[in-house]
2 protein chains.
Amino acid sequence: MSVNAREAILAEAKHAAQKHGYNGINFRSIASAVGIKNASIYYHFDSKASLGAAVAHRYWQDTAQHLETIRSTSASAGEALKRYPAIFRQSLEDDNRLCLSSFMAAEYEDLPHDVKVEVQAFVDANVAWLNQVLSEKGTGSSEDYKKQALAIYTAVAGAQLIARIHKNTELFDELMVTYQQTGLIPII
Amino acid sequence: MSVNAREAILAEAKHAAQKHGYNGINFRSIASAVGIKNASIYYHFDSKASLGAAVAHRYWQDTAQHLETIRSTSASAGEALKRYPAIFRQSLEDDNRLCLSSFMAAEYEDLPHDVKVEVQAFVDANVAWLNQVLSEKGTGSSEDYKKQALAIYTAVAGAQLIARIHKNTELFDELMVTYQQTGLIPII
DNA sequence: ACCTGAACACCGTTCAAGT
DNA sequence: ACCTGAACACCGTTCAAGT
């Protein structure tokens, strides 16, 4: 059916993972959506673990690229920082989906090793980006920026989780405002 | 085997849920641990949904009581606030477990309705407690305290998620310090 | 090179049957 | 009142077989 079955499988698996987590990746329904049988998926991927890892890998790579774009199209580090939560907001807007990493963070203990590696890479990419932006912007010590970067990532991920169970994107926005007002996220 | 099979099932299910989420509640392994057959669980609980709801219900009730104890044994609202993260910290210390609510928040879309209700109740109980403590302590407007209470709960839950994937309780502690230093969590 | 049907051990669930 | 064995449709996975 598809020009490239492998890509079609990846796309379906990503969609399923953002809605239902790693556990919710279902070979038979993916195969059905792609137009093949579930056994055929094993021609393209060794196992559910390797499919999950491939999904997570591409996910964080896409996110890292998106972060680069935000930085390069922002007039200042402060503006980039302000735009950061938009990535997480977008998932909520788009069918109430969750950041793949937050999802898999919850399932983490049960994940295959290869998937865990990719989830960690997502967190690292985000924290590294935030660290860089904070460093450009401020005047504190580099150790502080690392800790603050992780704190911001953590708080934003938590906000997405809570906003999602309320199915309320405005709640996410309110939380970002509160983070800014209390000083967790520096304002421009 | 057990004096009370129902309680034994609940205890095993809670343990499994904190390690693997709702999805990880496995009737056959719970039955095996309790010393009965999996079909026997249906004598005590209508379904996996009602078992999951019972687990989540008891969980948030226990937490609410714990919060009451913290408040009543603290000399001030500020001290109670300082002790708040200890609840989430304890889960990490105790076999790297996750707060049941954070876990189920990730799985939320797939949860049976009755379980969703209990997860919401957990969040509400925490936010209500924080709101009360913040109100006792400070001098701002009541609307601000509500928002700040939710922001604190959200950030602490996120911190637990991230600390867990690093299997690192110290990271959780560092995040709490950063939350305090940046001003998200008010200091005594 | 790419796909399939049939089988495997696993899961939640049901139900008639046992004590 | 409490428990069980056997069956159901579902899952990831394997494998020999098809084109």
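Below, chains carry the letters A, B, ... as their sequence lines are ordered, and counting in each starts from 1. Side chains included, hydrogens not; waters and symmetry mates left out as well; all remaining heavy atoms used.
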Exercise for the section: Check the distance between dA7(D)'s P and Lys37(B)'s NZ and give it to me in whole angstrom. Expected result: 16 Å
Exercise for the section: Grab the CZ-P distance between Phe45(B) and dC3(D) for me, whole Å please. Expected result: 12 Å
List the atom pairs, donor and acceptor, that lie under 3.5 Å between side-chain atoms in residues 26-34 of chain A and the rest of the protein, sequence neighbours left out.
residue  : atom : partner  : partner atom : Å
Asn26(A) : OD1  : Arg28(A) : N            : 2.8
Asn26(A) : OD1  : Ser29(A) : N            : 3.1
Ser29(A) : OG   : Asn26(A) : O            : 3.2

Problem - For Ser141(B), all residues meeting side chain to side chain donor-acceptor pair (under 3.5 Å), sequence neighbours excluded - result: Asp144(B)
Fill in the blank from the handout: The correct set of residues in residues 107-118 of chain A placing a heavy atom under 4.0 Å from DNA chain D is none
Problem - Of all pairs that satisfy side chain to side chain donor-acceptor pair (under 3.5 Å), the ones with a partner from residues 39-56 of chain A, not counting sequence neighbours - result: none
Show me, pair by pair, the donor-acceptor contacts under 3.5 angstrom made by side chains of residues 112-119 of chain B, not counting sequence neighbours?
residue   : atom : partner  : partner atom : Å
Glu118(B) : OE1  : His57(B) : ND1          : 2.8
Glu118(B) : OE1  : Trp60(B) : NE1          : 2.8
Glu118(B) : OE2  : His57(B) : ND1          : 3.4

Practice task
Go through residues 21-31 of chain A and report each residue with a non-hydrogen atom lying under 4.0 Å from DNA chain D, sorted by number.
Solution key: Ile25(A), Asn26(A), Phe27(A), Arg28(A)
Completion exercise
Expected string for nucleotides 14-19 of chain C under the B/S/- scheme (protein heavy atoms, under 4.0 Å, primed atoms plus P, OP1, OP2 as sugar-phosphate) is BB----
Completion exercise
Quick note, side chain to side chain donor-acceptor pair (under 3.5 Å) partners involving residues 169-187 of chain A, not counting sequence neighbours, are Arg89(A)-Asp173(A), Glu93(A)-Thr169(A)
Practice task
Establish, with yes or no, whether the OP1 or OP2 oxygen of dT4(C) is under 4.0 angstrom from a side-chain nitrogen or oxygen of Ser40(A).
Solution key: yes
Exercise for the section: Measure the CD1-CG distance between Ile162(B) and Leu171(B) for me, rounded to the nearest 0.5 Å. Expected result: 8.5 Å
Exercise for the section: Determine whether the side chains of Gln132(A) and Glu136(A) contain a donor N or O and an acceptor N or O closer than 3.5 Å. Expected result: yes
Handout entry: Length of the CD1-C1' vector between Ile9(B) and dC3(D), whole Å
Key = 11 Å
Problem - Arg71(A) and Glu79(A): CA distance, side-chain angles, deciding distance, salt bridge (charged side-chain N to carboxylate O under 4.0 Å, His left out) verdict - result: CA-CA 8 Å; Arg71(A) 185 63 197 90; Glu79(A) 191 195 321; over 6 Å; no
Handout entry: Ile36(A) CD1 - dT4(C) P separation (whole Å)
Key = 7 Å
Practice task
Let me see the working for Arg164(A) and Ser102(A) under side-chain hydrogen bond (donor to acceptor under 3.5 Å, both in side chains), right down to the final yes or no.
Solution key: CA-CA 12 Å; Arg164(A) 183 168 179 263; Ser102(A) 304; over 6 Å; no
Handout entry: Atom pair OH (Tyr145(B)) and CG (Asn131(B)), whose distance is rounded to the nearest 0.5 Å
Key = 9.5 Å
Practice task
Quickly work out the Leu51(B) CG to dC11(C) P distance and round it to whole Å.
Solution key: 15 Å
Problem - Between dA17(D) and dC2(C) - P atom distance, rounded Å - result: 22 Å
Handout entry: His44(B) NE2 to dT13(C) P, straight-line distance once rounded to whole Å
Key = 16 Å
Exercise for the section: Under the ring pair (Phe, Tyr, Trp, His ring centres under 6.0 Å) rule, collect the residues that match up with Tyr59(A), sequence neighbours excluded. Expected result: Phe122(A)
Problem - Asn96(A): side chain to side chain donor-acceptor pair (under 3.5 Å) partners, not counting sequence neighbours - result: Glu109(B)
Handout entry: side-chain hydrogen bond (donor to acceptor under 3.5 Å, both in side chains) partner of Arg97(A), chosen from Gln90(A), His15(A), Gln160(A)
Key = His15(A)
Practice task
Could you state the atom-to-atom distance from OH of Tyr43(B) to P of dC3(D) in whole Å?
Solution key: 8 Å
Fill in the blank from the handout: Sorted by chain and number, sequence neighbours left out, ring pair (Phe, Tyr, Trp, His ring centres under 6.0 Å) with Phe88(A) holds for Tyr84(A)
Handout entry: Watson-Crick and G-U pairing of DNA chain C, under 3.5 Å, as dot-bracket with | and [ ]
Key = ||.|||||...|||||.||
